[in-house]
Amino acid sequence: MRYEGNIFRPPNERRSYLLQVTIGCSHNACTFCGMYKDKRFRIRPLSEIMEDIAMAKQTYGTVRRVFLCDGDAIAVPTADLLEILHRLKKTFPQIEKISTYAGPKSTLSKSVEDLRSLHENGLTTAYLGVESGDDQVLRETCKGVDAAQMLEAGQRLKNAGMNLFAMVLIGLAGEERSMENAVATAEMINRMHPDRLAALTLMPVPGTKMYRDIEQGKFRVLNATECLTETRELIRHIKLENLYFASDHASNYVPVKGILNKDKAKIIELLDHGIAGNVFRRSQWQRGL
Ligand code: SF4
């Protein structure tokens, strides 16, 4: 198999065949993200992608799950994405799930009809990096959309029938607006209705603007207690039923997960123990990703 540069995928895509349809991220400007800094964004030629699918057939035989890399495969023109989906389904008849990261700007460049057509032709799951529901945080981190646009992107993916996995980033607002950020993010999630929500915790990445801001004293990274308190506030304000919530990524200080709102009290209790220091909290080196 052939890949260009570092490849990233969500933790629960560890069993998926990774098909690189773009190189890098079409936005590539978020101040906290270093994932694709070494790549100039481009869409791979269809002929190369089809060759890769044939190689995967030879290498793996049967494939049931596919994750489309890199950071924003939804940026591929709809007609080309449909061809890729058709080829995947023809090559791997047992396929059950095809997923992708969905950049908010690229998602908004497609109509609900385009997205629905992608879903009906096999694109089952979209991972949306919401990060925050707060306009100021989205602006300061150069996410490329404001809160209303981020909500619209999530709602379009949901209305298209996709399984929507939203990801938010604890600590992104820094110290002063931590609680406001938690409430605004919960309110956006309440309106977006994702199927799953993951709360990761900010990890400064060398080479990013945020890292330089931290070095220059312009931004302070929240400590473990503050991050857990922000997570608690986020959970407290989520009103959805049957939302799978996970904050058990390697970046999180205390791993918690469950179904909201059914498990809300239990999760908050565990976070309270984490805030009080009564349960194991990952140390900084254990959070090294
Ligand atoms: S949109 Fe996602 S992958 Fe692209 S720069 Fe922002 S966080 Fe990174």
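First listed ligand is number 1; within each ligand, the first listed atom is number 1. Just so we're clear, the structure is a prediction, and the values are computed from it rather than from any experiment.
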Among all protein heavy atoms, pick the one closest to atom 4 (Fe) of ligand 1 and tell me residue, atom and distance. Cys25 SG, 2.3 Å
Can you tell me which residue and heavy atom of the protein come closest to atom 5 (S) of ligand 1, and the distance to 0.1 Å? Asn28 CA, 3.5 Å
Between Asn163 and Thr124, do the side chains contain an N or O donor and an N or O acceptor separated by less than 3.5 Å?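 Judged by distance alone, the side chains do not pair up.
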His27 side chain to Asp72 side chain, donor-acceptor N/O pair below 3.5 angstrom: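 Not at all, the side chains of His27 and Asp72 share no donor-acceptor pair under 3.5 Å.
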Heavy-atom pairs closer than 4.0 Å: do any link ligand 1 to the side chain of Ala29, the backbone, both, or neither?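 The part of Ala29 near ligand 1 is the backbone, not the side chain.
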With heavy atoms only and a cut-off of under 4.0 Å, state how Tyr36 meets ligand 1: side chain, backbone, both or neither. side chain
Would you please determine whether Cys30 falls within less than 4.0 Å of ligand 1 on a heavy-atom basis?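 Cys30: in contact with ligand 1 (<4.0 Å).
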Would Thr78 and Lys110 count as a side chain to side chain contact (heavy atoms under 4.5 Å, CB included) if you check the C-alpha gap in whole Å, the side-chain angles of each, and the deciding distance to 0.1 Å? CA-CA 8 Å; Thr78 303; Lys110 293 198 186 316; 3.3 Å; yes
Ring centroids only, cut at 6.0 angstrom: are Tyr36 and Phe8 within range, meaning strictly under it? yes
Decide if the gap between the ring center of Phe92 and the ring center of Tyr60 is smaller than 6.0 angstrom. no
Looking at Glu83 and Arg87, is any side-chain nitrogen of the basic one under 4.0 Å from a carboxylate oxygen of the acidic one? no
Distance check below 2.8 Å: does Cys33 bring an N, O or S atom to atom 4 (Fe) of ligand 1? no
Candidates His27, Lys143, Met167; heavy atom nearest atom 7 (S) of ligand 1 found on Lys143
State the atoms of ligand 1, each with its element, that fall below the 4.0 Å cut-off from a heavy-atom position in Met35.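 Near Met35, the atoms of ligand 1 are 3 (S).
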